[in-house]
Amino acid sequence: MPLTDLTLAECLALRPDLDEPAGLDAFWQRTLDTTPDHPTAPRFTPVDTGLTQVTTYDAVVPGFAGEPVRGWLHLPAGAREPLGCVVEFLGYGRGRGLPHEQLLWAAAGYAHFLMDTRGQGWSTAAGDTPDTAPLSGSVPGFLTRGVESPQDHYYRRVFTDAVRCVEAVRAHPAVDPAKVVVTGVSQGGGIALATAALVPGLAGVMADVPFLCDIRRAVRIADRPPYTEVAEYLRLHRDRAATVLDTLSHVDAALLASRATAPALFSIAMMDEICPPSTCFAAYHRYGGPKDLRVYEFNGHEGGGAHHRRAQLTWLRELLTAPGPATAGAPAAPYDAQHA
């Protein structure tokens, strides 16, 4: 596929001045300070998967407004001490699927929590967490759900779910709360960046071809969904552009990323037609903590795939065994081009 966005040199030099809404920090503080009247505790129920080397639990975590969010917690069988944990968020349309499907991080010796994304699970793997908010007035998909108000927007609920899942994992006796890393591809990468901004003290972040970054630019240049959902909505509602873009700025992961401080490993694909590379670079350049980067110049939204998983395994091992988080993950060069 051809290069459709800025060149790599232009992206490396990019320093976008994004429009940050007034009161962004207060908005998220109010959101996370809101708790249900009758909170429930997270539940972890053992699941018989037929596997002998990984122990799996069906997790139910009270998320936004106390609503149940499902997930899988995988632990290496026989682990006897608190483990480093990878909390993973899923790509657009994906659900948590079956309990034996995603075992890489547990096989590497980490606890692994996979969060189901509310309302999703229609594209590749089934989901078990409904989104209870009304759907009127939205283009099919999720970007325009509640897009008339930051208070009602879909990703306000999802980001809150993610924060609550990290909190639940940190409190689990099998997990070392100082060694929790968040990760995800595409939508999952955007959620990971937002979570890193909203949860202090994470050990690390791994964001791959992240979605929800520099949304104002993305909805103008992306020619494939999901960003096209916003363009379609504004094509129908010509008088609402200012309102819609203001709402989306409250969930823009590139804006939130400046608040994050944990060491981060990004991956960006230069021929990505779904999450244009310039929008991913906006998040990378604005990221508030030490950061490293892998660029895949000849790949689309699939990014680095298995090659990048290998890089992540090495980066994570070094991160969680380093003497301290202050210097872990600091880049040795502006970028490291990887050729799959």
Side-chain angles (χ1 to χ4, degrees), residues 27-45 47 56-74 85-97 99 102 111-122 125-135 138 141-143 145-147 149-172 175 177 180-184 186-202 205 211-212 247 250-251 253 256:
F27 169 79
W28 280 108
Q29 192 63 56
R30 289 193 305 271
T31 296
L32 298 178
D33 285 346
T34 302
T35 57
D37 293 335
H38 303 285
T40 58
R43 301 195 309 272
F44 299 89
T45 305
V47 176
T56 297
Y57 297 85
D58 180 6
V60 182
V61 175
F64 179 83
E67 297 170 349
V69 177
R70 306 299 289 268
W72 300 122
L73 175 62
H74 303 296
C85 181
V86 176
V87 179
E88 183 175 0
F89 309 113
L90 293 163
Y92 202 75
R94 292 181 59 86
R96 66 172 182 164
Q102 300 195 49
H112 175 217
F113 185 92
L114 184 68
M115 186 186 88
D116 205 26
T117 313
R118 61 169 58 227
Q120 300 191 27
W122 46 264
D128 300 303
T129 304
D131 184 28
T132 60
L135 308 181
S138 65
F142 303 95
L143 267 178
R145 288 191 182 186
V147 78
S149 166
Q151 197 75 13
D152 298 329
H153 195 261
Y154 171 76
Y155 281 105
R156 177 174 178 252
R157 302 190 289 279
V158 172
F159 290 176
T160 304
D161 292 344
V163 169
R164 301 303 183 221
C165 285
V166 169
E167 292 171 347
V169 165
R170 277 179 154 175
H172 195 284
V175 172
V180 174
V181 173
V182 293
T183 190
S186 189
Q187 174 185 252
I191 298 172
L193 290 173
T195 305
L198 299 173
V199 178
L202 289 176
V205 185
F211 181 49
L212 300 169
T247 292
H250 286 76
V251 296
L256 291 170

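Side chains included, hydrogens not; waters and symmetry mates left out as well; all remaining heavy atoms used. This one's a predicted model, so the numbers in the text were calculated from it and none came from an experiment.
Side-chain contact check for Val205 versus Leu193: some heavy-atom pair is nearer than 4.5 Å. Taking 4.5 Å as the limit, some side-chain heavy atom of Phe159 sits within range of a side-chain heavy atom of Leu212. Between Gln187 and Tyr155, some side-chain heavy-atom pair lies under the 4.5 Å cut-off. Taking 4.5 Å as the limit, some side-chain heavy atom of Trp72 sits within range of a side-chain heavy atom of Asp58. With contacts defined as side-chain heavy-atom distances shorter than 4.5 Å, the pair Val166/Leu202 qualifies. Using a 4.5 Å heavy-atom threshold, the side chains of Leu32 and Thr160 count as touching. With contacts defined as side-chain heavy-atom distances shorter than 4.5 Å, the pair Phe89/Val158 does not qualify. Side-chain contact between Val61 and Phe113 is present, with at least one heavy-atom pair separated by less than 4.5 Å.
A salt bridge does not link Arg170 to Glu167: none of the charged side-chain nitrogens sits closer than 4.0 Å to a carboxylate oxygen. Between Asp152 and Arg145 there is no salt bridge, since none of the side-chain N atoms of the basic residue sits less than 4.0 Å from a carboxylate O of the acidic one. Taking a cutoff of 4.0 Å between a charged side-chain nitrogen and a carboxylate oxygen, Asp131 and Arg118 qualify as a salt bridge.
Among all heavy-atom pairs drawn from Met115 and Val69, the shortest one is CG-CG1, 3.9 Å. Residues Gly71 and Arg96 come closest through the heavy atom pair O-NH1, 2.8 Å. Val182 and Ala192 make their closest contact through CG2-O, 3.6 Å (heavy atoms, listed as atom of the first residue, atom of the second, distance). Residue Pro36 comes nearest to Ala65 through the heavy atom pair CB-O, 4.0 Å, listed as atom of the first residue, atom of the second, then distance. Across every non-hydrogen atom of Ala197 and Leu256, the tightest pair is CB-O, 3.0 Å. Closest heavy-atom contact between His153 and Leu143: NE2-O, 2.7 Å.
With 3.5 Å as the limit, one finds a donor-acceptor pair spanning the side chains of His74 and Thr56. With no hydrogens or angles considered, a side-chain donor-acceptor pair links Thr31 and Arg156 at under 3.5 Å.
The structure places CD of Glu67 at 10.0 Å from OG1 of Thr129, a figure rounded to the nearest 0.5 Å. Rounded to the nearest 0.5 Å, atoms CG (Leu90) and OG1 (Thr117) are 4.5 Å apart. Atoms OG1 and CZ, from Thr195 and Arg164 in turn, are 11.5 Å apart once rounded to the nearest 0.5 Å.
Applying the 6.0 Å contact sphere to OH of Tyr57 captures no more than 12 heavy atoms from other residues, nucleotides or ligands.
No donor-acceptor distance shorter than 3.5 angstrom exists from the side chain of Tyr154 to the backbone of Ala133, with no hydrogens or angles considered. In this structure a side-chain-to-backbone donor-acceptor pair under 3.5 Å is present from Asp116 to Asp128. Put simply, the side chain of Ser186 never gets that close to the backbone of Gly188: no donor and acceptor are under 3.5 Å apart.
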